[in-house]
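Notes follow once the structure below has been shown.
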Protein chains: 2
Amino acid sequence: MEIVRPYSHVLKKMEAVGLRSTRQRLALAKVLFENGNRHVTAEKLHAEARASHIRVSLATIYNTLHQFTNAGLLREIVVDASRSYFDTNTSSHHHFFFEETGELEDIPGLVVKQSDLPPPPQGTTVERVDVVVRVKEV
Amino acid sequence: MEIVRPYSHVLKKMEAVGLRSTRQRLALAKVLFENGNRHVTAEKLHAEARASHIRVSLATIYNTLHQFTNAGLLREIVVDASRSYFDTNTSSHHHFFFEETGELEDIPGLVVKQSDLPPPPQGTTVERVDVVVRVKEV
DNA sequence: GTGTTTGCAAAGTGTTTGCAATTTA
DNA sequence: TAAATTGCAAACACTTTGCAAACAC
């Protein structure tokens, strides 16, 4: 019986990019990656960390979110001009955004192909395509 | 020969929703709607206004952008977590976003149909679909 | 031990607000 | 003249930064 370590790849990646295994980073990695895909804001992660008795400053939350994003462990999603969202799913996919609650949800199986799009402007290449489907409660 | 008043619909709309024709609003409407489609941030519009010797405070810029947005004359575009963009083209369309310069450009002829998308989550309706193609200079 | 990381408080950025003075209708 | 609008400065929310103390290796 294999022991599942849902976020062992995170530890490997941290080492690979030279991020030390500090108490804070390990605890945040656990919260973020242990339980499937998540969408978090800095504030939410901070609140959650404190609720789990993890002592971390907000500054460290921001540092960690950016370090993980640079390491390719997180992806930043822009849906709201006033807050940054981070997604533990770094594969190419899109989102439903619940305008009232500010929640995000992955859209399964929506793939935008290069051929679906007009060519990018002269001298540019497509870095990424983001589709946000904004939904409202009826 | 017809006299073209590219933004006469704006004046009508302002009246329709009860926005008085103040010096500031008229001047900003002119800047925004006189020369085809535009994408502006508050700061850019403010700078442009001052360059054209229009005295407007930043507070009024924000007020006006929101009032015009509520009136359906502008559309807010979310592409950057740190700034709000407003588009004079309120019809359903999508954008190229130049990550280095922060510029926006309409994508002509990209239409996302309801049938292209998975159904929205139970109890919600699609308010709007935003596609942002992030491009980088080669 | 050395270089990295943390946490705090201060600073920064874009945006909003309260309110007196001004302007529009 | 009554109600709406403006501009200022202060307040705000979120994020970043500088730096001394704590920590990882």
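These values consider heavy atoms only, across backbone and side chains, with no hydrogens, waters or symmetry-generated copies. Labels below follow one simple rule: chain letters A, B, ... track the order of the sequence lines, proteins then strands, and each chain is numbered from 1.
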Self-check item: Opposite nucleotide pairing with C:dA10, Watson-Crick or G-U, both atom distances under 3.5 Å
Solution: D:dT16

Exercise. Verify the contact: side-chain N or O of A:Q24 to OP1 or OP2 of C:dG7, cut-off strictly under 4.0 Å; return yes or no.
Key: yes

Practice problem: State whether a side-chain donor-acceptor pair under 3.5 Å links B:R25 with B:Q67. | Solution: yes

Exercise. Answer with base, sugar-phosphate or nothing: what part of the nucleic acid does A:T41 contact at a heavy-atom distance below 4.0 Å?
Key: nothing

Exercise. For residues A:G72 and A:T90, report the shortest heavy-atom separation together with the two atoms involved.
Key: O-CG2, 3.4 Å

Self-check item: Whole-Å gap separating P (C:dT4) and CD (A:Q67)
Solution: 12 Å

Quiz item: Do B:E43 and B:L58 have side-chain heavy atoms sitting under 4.5 Å apart?
Solution: yes

Quick test: give all pairs of protein nitrogen or oxygen and nucleotides 21-25 of chain D nitrogen or oxygen below 3.5 Å, distance rounded to 0.1 Å.
unit_1, atom_1, unit_2, atom_2, d
D:dA24, N3, A:R20, NH1, 3.0
D:dC25, OP1, A:S21, N, 3.3

Quiz prompt | Watson-Crick or G-U wobble partner of D:dA24, both distances under 3.5 Å | solution = C:dT2

Quiz item: What nucleotide, of D:dA4, C:dG14, C:dT17, holds the atom closest to the side chain of B:N63?
Solution: C:dT17

Practice problem: Would you mind telling me which of C:dG14, D:dT15, C:dA9 lies closest to the side-chain atoms of A:A42? | Solution: D:dT15

Quiz prompt | Separation of atom CG in A:L58 from atom P in D:dC14, rounded to whole Å | solution = 10 Å

Practice problem: Look at the side chain of A:Y85 and the backbone N and O of A:R75, then say whether any donor-acceptor pair between them is shorter than 3.5 Å. | Solution: no

Quiz item: Which part of the nucleic acid, if any, lies within reach of A:H66 when heavy atoms closer than 4.0 Å are counted: base, sugar-phosphate only, or nothing?
Solution: sugar-phosphate

Self-check item: Nucleotide nearest B:Y62 (side chain, heavy atoms from C-beta), chosen from C:dC8, D:dG7, C:dT15
Solution: C:dT15

Quiz prompt | Nucleotide D:dA4, atom C1' - distance to CG of B:L26 in whole Å | solution = 14 Å

Quiz item: So does A:S84 get a side-chain nitrogen or oxygen closer than 4.0 Å to the phosphate oxygens (OP1/OP2) of D:dT15?
Solution: yes

Practice problem: Find the distance B:I61:CD1 to C:dG14:C1' and express it as a whole number of Å. | Solution: 14 Å

Self-check item: Presence of B:R83 side-chain N/O under 4.0 Å of C:dT13 phosphate oxygens OP1/OP2
Solution: no

Quiz item: B:F33 vs B:H9 aromatic rings, parallel, tilted or perpendicular, using cut-offs 30° and 60°?
Solution: perpendicular

Quiz item: Salt bridge between A:D87 and A:R38, side-chain N to carboxylate O under 4.0 Å?
Solution: no

Quiz prompt | Basic-acidic side-chain contact under 4.0 Å: B:E99, A:R128 | solution = no

Practice problem: Find the distance B:E15:CD to C:dT24:P and express it as a whole number of Å. | Solution: 16 Å

Quiz prompt | Between P of C:dT5 and CG of A:L28, the distance in whole Å | solution = 14 Å

Self-check item: Interatomic distance, B:R55 CZ vs D:dT6 C1' [rounded to whole Å]
Solution: 11 Å

Quiz item: What nucleic acid atoms does B:E43 come within less than 4.0 Å of, heavy atoms only: base, sugar-phosphate, or nothing?
Solution: nothing

Quiz item: Taking CG from B:D80 and P from C:dT13, how many angstroms apart are they, rounded to a whole number?
Solution: 14 Å

Exercise. Using distance alone, with no hydrogens and no angle criterion, decide if A:D106 and A:H39 have a side-chain donor and acceptor under 3.5 Å apart.
Key: yes

